[in-house]
Amino acid sequence: MRAGAVNSSGQVSHRLSLPTRANRGPEEVIERIVSTVLKVIDQVKSQGDWVEAVGIGSPGIIDIRTGTVVTSPNFPEWRRIPLKQIMEKRLPYPVFLDNDANAFAYGEKWVGVGKNVQSMVCLTLGTGVGGAIILGGRLWHGADGMAGEVGHMTVKPNGLKCNCGNYGCLESYASASSVVRRVTAAIRTGTPSIILNLADGDLEKITSTLVYQAALKGDPLAMQVMKETATFLGIGIANLINLLNPEMIVVGGGLANAWDLIYPIAEDEICRRAFLTLAKTAKICKASLGDDAGIIGAAGIACFSMQDVSCAF
Ligand SMILES: [Zn+2]
């Protein structure tokens, strides 16, 4: 988890980051969130500044009306956790909760690569594939506040099982974790690869970054998995372009570090599948704010909600 103080221009200071330790259950994670936020607030106050509100971006399906984490496919114990309510009991500030990909997109829209864009779709390729949609300059939350789950679009009928229960979701092919899972499974069944050497012979140490490095060195397994990843990402993006005709598609998260390898393959797939005019309009960009995007966006959502600025959402 990452925290920071964000000023009204979207600049971050007093950053803190620490492991989430989600396997220890929601109660311990919530304690860590509270103590991290309090540390940042102390630092802000010690410099004579003040805090208006706290914004949180959380993975999973979020009910933004009640500030509840309804469910989180990658954190199975998180079920109907009223995080906003819990946090507001512990902190003397209003708390605003949204999905982490929405926070990421809002950050990129506020001060990042999507600054002057009115319609865009964000994809974050990390543990899962997060997604967020901005239409008319506002986050599109949908009827239940849960829109934008582009990671759970089916891109391959009867494909790999996803943590959400469906088969063949984009997340099963284009997340950093799924790259590691597919490579590890292939090595276990005897496929030769230099990835194991790069990981000091330890399957547990394989990361998507190592797979990317191996692909750059021409390792056939790494190249094949990265090609498959980019192809499915292209299929997903082509669907989004045909559906929404957005000005911009923003791709972030750990796997976006392999952008130079992934993008040309994804672009071929997009050109093959999307309407040409729409595909030409949609600028496909790597996210620009790195790890700060979610912090800036969560704070921005809180800040603009406080001001009740109608153009913010
Ligand atoms: Zn899924």
Side-chain angles (χ1 to χ4, degrees), residues 1-22 29-47 49-60 62 64 67 69 72 74-75 83-84 86-88 90-91 93-115 120 122-132 134 139 148 176 250-257 285-307 309 312-313:
M1 63 176 79
R2 295 190 179 84
V6 181
N7 70 12
S8 55
S9 310
Q11 290 166 321
V12 190
S13 61
H14 309 297
R15 290 175 186 81
L16 284 177
S17 92
L18 65 164
T20 305
R21 305 228 165 96
V29 174
I30 290 166
E31 279 310 311
R32 289 163 74 77
I33 299 173
V34 170
S35 66
T36 308
V37 170
L38 286 172
K39 267 184 215 158
V40 174
I41 290 171
D42 280 349
Q43 288 176 15
V44 170
K45 283 183 168 174
S46 72
Q47 295 198 339
D49 288 327
W50 70 94
V51 172
E52 297 269 3
V54 175
I56 300 176
S58 163
I62 310 295
I64 56 161
V69 181
S72 195
N74 294 308
F75 301 108
L83 191 57
K84 173 186 163 73
I86 295 169
M87 295 294 288
E88 283 185 339
R90 305 284 302 275
L91 301 166
Y93 304 101
V95 174
F96 296 86
L97 178 69
D98 209 317
N99 172 270
D100 56 351
N102 280 351
F104 184 96
Y106 201 79
E108 291 289 348
K109 162 74 185 118
W110 186 16
V111 293
V113 70
K115 202 171 176 181
M120 69 181 210
C122 261
L123 295 100
T124 57
L125 316 179
T127 309
V129 172
I134 287 179
L139 274 172
V250 179
V251 182
L255 202 53
N257 293 331
C285 305
K286 192 178 166 187
S288 62
L289 300 174
D291 292 340
D292 278 348
I295 299 175
I296 295 169
I301 288 169
C303 173
F304 291 108
S305 302
M306 289 273 290
Q307 295 171 8
V309 178
F313 294 95

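In terms of modelled atom types and a separation under 3.5 Å, the side chain of Thr124 and the main chain of Gly130 share a donor-acceptor contact.
Closest non-hydrogen pair, Gly107 versus Leu289, comes out as O-CD1, 3.3 Å. Here the shortest heavy-atom pairing between Ser288 and Val113 reads OG-N, 3.0 Å. Residues Lys115 and Trp110 approach most closely at CG-O, 3.6 Å, considering heavy atoms. Of all heavy-atom pairs spanning Ala298 and Ala103, the tightest one is N-CB, 3.7 Å. Between Gly290 and Glu108 the shortest heavy-atom distance is N-OE2, 4.5 Å. Closest heavy-atom contact between Gly253 and Phe104: N-CZ, 4.5 Å.
Between the OG1 atom of Thr20 and the CZ atom of Arg2 there is a distance of 8.5 Å, given to the nearest 0.5 Å. With rounding to the nearest 0.5 Å, the separation of CG in Leu255 from CG in Leu123 is 11.5 Å. Taken to the nearest 0.5 Å, the CG atom of Asp98 stands 8.0 Å off from the OG atom of Ser305.
By the side-chain hydrogen bond (donor to acceptor under 3.5 Å, both in side chains) test, Asp292 pairs with Arg15, sequence neighbours left out. The salt bridge (charged side-chain N to carboxylate O under 4.0 Å, His left out) test applied to Arg21 returns no partner, not counting sequence neighbours. With sequence neighbours excluded, the residues satisfying side-chain hydrogen bond (donor to acceptor under 3.5 Å, both in side chains) with Arg90 are Glu31. In this structure, the side-chain hydrogen bond (donor to acceptor under 3.5 Å, both in side chains) partners of Lys84, at least two apart in sequence or on a different chain, are Glu88. Residues passing the side-chain hydrogen bond (donor to acceptor under 3.5 Å, both in side chains) test with Arg32: none are found, sequence neighbours excluded.
For Lys286, the NZ atom sits in a packed shell: over 12 heavy atoms of surrounding residues, nucleotides or ligands are nearer than 6.0 Å.
Between Tyr93 and Ile41 there is a side-chain heavy-atom pair separated by less than 4.5 Å. For the pair Ile62/Asn102, no side-chain contact is recorded, criterion being any heavy-atom separation below 4.5 Å from C-beta on. By the 4.5 Å heavy-atom criterion applied to side chains, Val29 and Met1 are counted as neighbours. Contact check for Cys122 versus Met120: side-chain heavy atoms found under the 4.5 Å cut-off.
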Would you tabulate the side-chain donor-acceptor contacts of residues 50-57 under 3.5 Å, counting partners in other chains and residues two or more places apart, or write 'none'?
unit_1	atom_1	unit_2	atom_2	d
Trp50	NE1	Glu52	OE2	3.2

Exercise for review: Start with the C-alpha distance between Asn7 and Asp49, add both sets of side-chain angles, then the distance that settles side-chain contact (heavy atoms from CB on, under 4.5 Å), and finish with yes or no.
Suggested key: CA-CA 10 Å; Asn7 70 12; Asp49 288 327; over 6 Å; no
Check your understanding: Stepwise, does the side-chain contact (heavy atoms from CB on, under 4.5 Å) test hold for Leu83 with Val95?
Key -> CA-CA 9 Å; Leu83 191 57; Val95 174; over 6 Å; no
